[in-house]
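One structure is given below, encoded as structure tokens.
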Amino acid sequence: MAAGNAVDPFWMLYSIHLNPHVLNILEKYRIGNLDPKDNNDVVSDMSDPFANEPTRHPLLKPASEKPFNAEAPEYILVENFLTPNDIFYVRNHLPVPDIQVDTYALEVEIEGKSKILTLSLDDLKKFPKHSVTSTVMCAGNRRSEMHKVKPVKGLNWGAAALGNATWTGASLREVLEAAGLSENEIDKYQHIQFEAYDTDTTGSPYGASIPIWKGVDRRGDVILAYEMNGETLPRDHGFPVRAVVPGVVGARNVKWLAKIIVASEESQSHWQQKDYKGFSPSTDWDTVDYSKSPSIQELPVTSAICQPMNNATVDVKDGKITAKGYAWSGGGQEIVRVDVSCDGGKTWHVAKFDFHDANKSPQHWSWTLWSCDLPVPKGTNKMEIIVKAVDSSYNTQPELFENIWNLRGVLNNAYHRIKVNLK
Ligand code: MTE
């Protein structure tokens, strides 16, 4: 990509790769060293592309600083049905763009039509205001558990790379209608592409796409959101406008939205074609063929224990301890049951739902927060707790990570297990 020019700007943007592991790989390609007096090409006045990032809450634990990727400690997730904005996980591939409201423009294009609709933020706010409460989850949530089975490439997320929020904005469906997409034309197209304002060193934007039915169906509930939990959308979460695609993997919920294209093809972006896809446990980096796997859209059912956290010491009261956590399924499936075991799966206790949205499948977009009292046999001082959830299609979680391992560490939905010390 440097095409004969200095590579320094790339190292600054992709600083996540500037680590001993990558430098070690590059070492075998070293052909020599520059004499400092010939070092004319090095860009000396380079500014840090991450210099203008927002301030973040101290509870967000970074999985990487530049770009910024962080999650809150698991215990805090179950305190609120709606995750507070400042502790909602952040997943950025590139620097946060600095967008001015006055000049913000959202383009809407329908392939084959010459007219492009251009909307300012004020124009978007003139559309009827819709709210949807939806969980957004990263495909790599819980990757650290899969990584323990066999190393995978990706950010080492714990179990908090998700959050639940009320998103408010215009309906994508209504905006597409305003752009001239009529009911009888829909079948000509297969995808809705999103392009964003965050760009890489070559100027190419973050992008993704969703199947067209999701955006045009009245029940798809796709929102072009400018508010999150009743507040202006924060910069880290896509200010001023992001797509919220309920039930669909975080990667397609495109932030800092610049353009929408109704198209016959999927987005050709790296993140749609060469990332966020699942593979067999036997596929390795020599055999992987990204063109052979579909891009992830709806996520499978998952659950996790958030309180107590792994390795915590817990007080036993009246012969019991209480576990709390979340469960969620993609595609608008509702969680119908959460099973918890503390004897290795010999007996299962059905958890109580503390927060459960009233919306029915296939429009159940929020997580379920649950709690469960577990009996502790006298004299026990250590215990493993296991959880699995069941959704309204009666899909449940796989038992072991070994059988769902994949080289990028996505779709990490095996039973969640934690160990606790008891006193
Ligand atoms: N949109 C843009 N423009 N750039 C990004 O890096 N990251 C995606 C998605 N939308 C991303 C994006 C990914 S991978 C996820 S998981 C979600 O945003 C995270 O949303 P959040 O940071 O608001 O939690």
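Both backbone and side-chain heavy atoms feed into the values below; hydrogens, waters and symmetry mates do not. Remember, it's 1-based here, ligands and their atoms both numbered in the order they're listed. The shown structure was predicted, so the numbers you read here are calculated from the model rather than taken from an experiment.
Of the charged side-chain nitrogens involved, none lies within less than 4.0 Å of a carboxylate oxygen, so that Asp275 and Lys277 do not count as a salt-bridged pair. The pair Lys129-Glu227 meets the salt-bridge criterion, since a charged nitrogen lies less than 4.0 angstrom from a carboxylate oxygen. The pair Arg30-Glu27 meets the salt-bridge criterion, with a side-chain N (NZ, NE, NH1 or NH2) lying under 4.0 Å from an Asp/Glu carboxylate O.
In this structure, Lys115 has no side-chain hydrogen bond (donor to acceptor under 3.5 Å, both in side chains) partners at least two apart in sequence or on a different chain.
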Give me the pairs of N or O atoms, one from ligand 1 and one from the protein, that sit under 3.5 Å apart.
| from | atom 1 | to | atom 2 | distance (Å) |
| --- | --- | --- | --- | --- |
| ligand 1 | 1 (N) | Lys255 | N | 2.9 |
| ligand 1 | 3 (N) | Asp198 | OD1 | 2.8 |
| ligand 1 | 3 (N) | Asp198 | OD2 | 3.3 |
| ligand 1 | 3 (N) | Lys255 | O | 3.0 |
| ligand 1 | 4 (N) | Asp198 | OD2 | 2.7 |
| ligand 1 | 6 (O) | His93 | N | 2.8 |
| ligand 1 | 7 (N) | Arg91 | O | 3.2 |
| ligand 1 | 10 (N) | Asn253 | O | 3.0 |
| ligand 1 | 18 (O) | Arg242 | NH2 | 3.4 |
| ligand 1 | 20 (O) | Arg242 | NH2 | 3.2 |
| ligand 1 | 22 (O) | Arg91 | N | 2.9 |
| ligand 1 | 22 (O) | Lys255 | NZ | 2.5 |
| ligand 1 | 23 (O) | His237 | ND1 | 2.6 |
| ligand 1 | 23 (O) | Arg242 | NH1 | 2.7 |
| ligand 1 | 24 (O) | Tyr89 | O | 2.6 |

Using residues 246-259 as the side-chain source, report each donor-acceptor pair under 3.5 Å to any protein atom, sequence neighbours left out, with the distance given to one decimal.
| from | atom 1 | to | atom 2 | distance (Å) |
| --- | --- | --- | --- | --- |
| Arg252 | NE | Ile296 | O | 3.0 |
| Arg252 | NH1 | Trp271 | O | 3.3 |
| Arg252 | NH1 | Gln272 | OE1 | 3.0 |
| Arg252 | NH2 | Ile296 | O | 3.0 |
| Asn253 | OD1 | Val245 | N | 2.9 |
| Asn253 | ND2 | Val248 | O | 3.3 |
| Asn253 | ND2 | Val249 | O | 3.1 |
| Lys255 | NZ | Arg91 | O | 3.1 |
| Lys255 | NZ | Asn92 | OD1 | 2.7 |
| Lys255 | NZ | Asp236 | O | 2.9 |
| Trp256 | NE1 | Arg235 | O | 2.9 |
| Lys259 | NZ | Glu109 | OE1 | 2.8 |

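A ring pair (Phe, Tyr, Trp, His ring centres under 6.0 Å) check over residues 108-131, counting only residues at least two apart or in different chains, returns nothing.
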